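As the structure is a prediction and not an experimental result, all values here were calculated from the model.
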Amino acid sequence: TELGANLWVYEPNHTSAQRFTLHPISFSNNPKIHVQSTDYWGNYSYLKGYTMKESACGVFALVNALEYVTGHNFSDEEIRSIAQFAIDNGYRTAGNGTSKELAVGFANHYGEVYGFKMGSTYKYNSKTSVNRSTIEAFNKVLDQGGAIYLSVTSSSGGHIVSIVGKRYNNGRNEYLLVDSYPSSNRLGSGVSSGYVTIDDQLDLYSIGNDKKIVTKGSLGYYTILPLR
């Protein structure tokens, strides 16, 4: 598929998850941040009594990562299409949010259209085994224009966020975190993006409000890279 030419958008009225219609796709290199915690997304079902507002953080984290990696601005229609793709291909299970395998499945089907590919995937049983080399791997991915698709804990269970950039400030690396469901326990109430530091256990510390954001080691993280 020619990069940037067209996008196959899922039509929910069709019976097959592979039956898409052709829409034009463009790239702006001006990333938007998509937030799921609005009443708008509460109007869209995400399987068995749940809505996209409640449970689609994996979809939104992927979209937010791809905004930065590819430069494509996602429409609400596209986001709903990706959610339906997750449902139809087994990446969404009631009560468990979205599997991070959604990123792999979506890359396999549409990575060439959007201009991205999956990098390494990591799952580790104990965060005590994490060392600085892991953070250096983060740095390498971000320096290549990539993003990190990362599991963290939340008051209601798991949550997925994206790390989409970094800067060097005050003698340290600081990482730009995008959170589709802002929380006072992470970046702050109503704050969907902000810089964090990362310790040797891969836990994050919000610079804006000094909150510790604990990563879920058993679920790990995936890296997303541009095709260019």
Any side-chain donor-acceptor pair under 3.5 Å between [X] and [Y]?
| X | Y | result |
| --- | --- | --- |
| Ser75 | Glu78 | yes |
| Ser37 | Lys53 | no |
| Tyr205 | Asp199 | yes |
| Tyr175 | Asn139 | yes |

Test salt bridge (charged side-chain N to carboxylate O under 4.0 Å, His left out) applied to Asp143 - qualifying residues, sequence neighbours left out
Lys166

Just wondering, do [Y] and [X] contact through their side chains at under 4.5 Å, heavy atoms?
| X | Y | value |
| --- | --- | --- |
| Ile213 | Thr153 | no |
| Ile79 | Met52 | yes |
| Asn73 | Glu67 | yes |
| Ile160 | Leu150 | no |

Ring center gap for Tyr114 and Phe106 short of 6.0 angstrom:
yes

Kindly state whether the ring of Tyr110 and the ring of Phe116 have centres lying under 6.0 angstrom apart.
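No.
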
Which pair of non-hydrogen atoms, one from [X] and one from [Y], has the smallest distance, and what is that distance?
| X | Y | value |
| --- | --- | --- |
| Ile224 | Ala65 | CD1-CB, 4.0 Å |
| Leu142 | Gly165 | CD2-N, 3.7 Å |
| Thr98 | Ser55 | OG1-O, 3.7 Å |
| Glu112 | Leu227 | CA-CD1, 3.8 Å |
| Tyr149 | Ser162 | CD1-OG, 4.3 Å |
| Met118 | Ala103 | SD-O, 3.6 Å |

Under 3.5 Å, side chain of [X] to main-chain N/O of [Y], donor-acceptor pair present?
| X | Y | answer |
| --- | --- | --- |
| Arg92 | Tyr46 | yes |
| Glu54 | Thr51 | yes |
| Asp203 | Ile198 | no |
| Ser180 | Ala61 | no |
| Asn64 | His34 | yes |
| Asp179 | Tyr181 | yes |

Residue pair Tyr168, Glu174: steps toward the side-chain hydrogen bond (donor to acceptor under 3.5 Å, both in side chains) verdict
CA-CA 6 Å; Tyr168 191 74; Glu174 298 174 347; over 6 Å; no

Measure the [atom1]-[atom2] distance between [X] and [Y] for me, rounded to the nearest 0.5 Å.
| X | Y | atom1 | atom2 | answer |
| --- | --- | --- | --- | --- |
| Asn89 | Asn108 | CG | CG | 10.5 Å |
| Leu187 | Ser193 | CG | OG | 7.5 Å |
| Arg167 | Arg172 | CZ | CZ | 8.5 Å |

Would you call the rings of His72 and Phe74 parallel, tilted or perpendicular, where under 30° means parallel and over 60° means perpendicular?
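Judged by the thresholds at 30° and 60°, the geometry between His72 and Phe74 is perpendicular.
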
Test Val214 against Val152 for side-chain contact (heavy atoms from CB on, under 4.5 Å), laying out the working first.
CA-CA 6 Å; Val214 179; Val152 299; over 6 Å; no

Are Asn30 and Lys32 close enough, and set up right, to give a side-chain contact (heavy atoms from CB on, under 4.5 Å), and what steps lead you there?
CA-CA 7 Å; Asn30 185 24; Lys32 298 188 296 184; over 6 Å; no

May I have the step-by-step check of ring pair (Phe, Tyr, Trp, His ring centres under 6.0 Å) for Trp41 and Phe60, ending in yes or no?
CA-CA 11 Å; Trp41 291 109; Phe60 282 87; 5.1 Å; yes

Residues clustered with Tyr68, ILVMFWY side-chain links under 4.5 angstrom:
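Besides Tyr68, the hydrophobic cluster comprises Ile33, Val35, Val164, Leu176, Val178, Tyr195, Ile207, listed by chain and residue number.
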
After noting the C-alpha distance and the side-chain angles of His159 and Ser151, does the key distance pass the side-chain contact (heavy atoms from CB on, under 4.5 Å) rule?
CA-CA 6 Å; His159 186 53; Ser151 291; over 6 Å; no

So with a 6.0 Å cut-off around NZ of Lys140, is the heavy-atom count from everything else above 12?
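12 or below, so no.
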
side-chain contact (heavy atoms from CB on, under 4.5 Å) between Leu204 and Thr197: does it pass, once the steps are laid out?
CA-CA 6 Å; Leu204 316 176; Thr197 58; over 6 Å; no

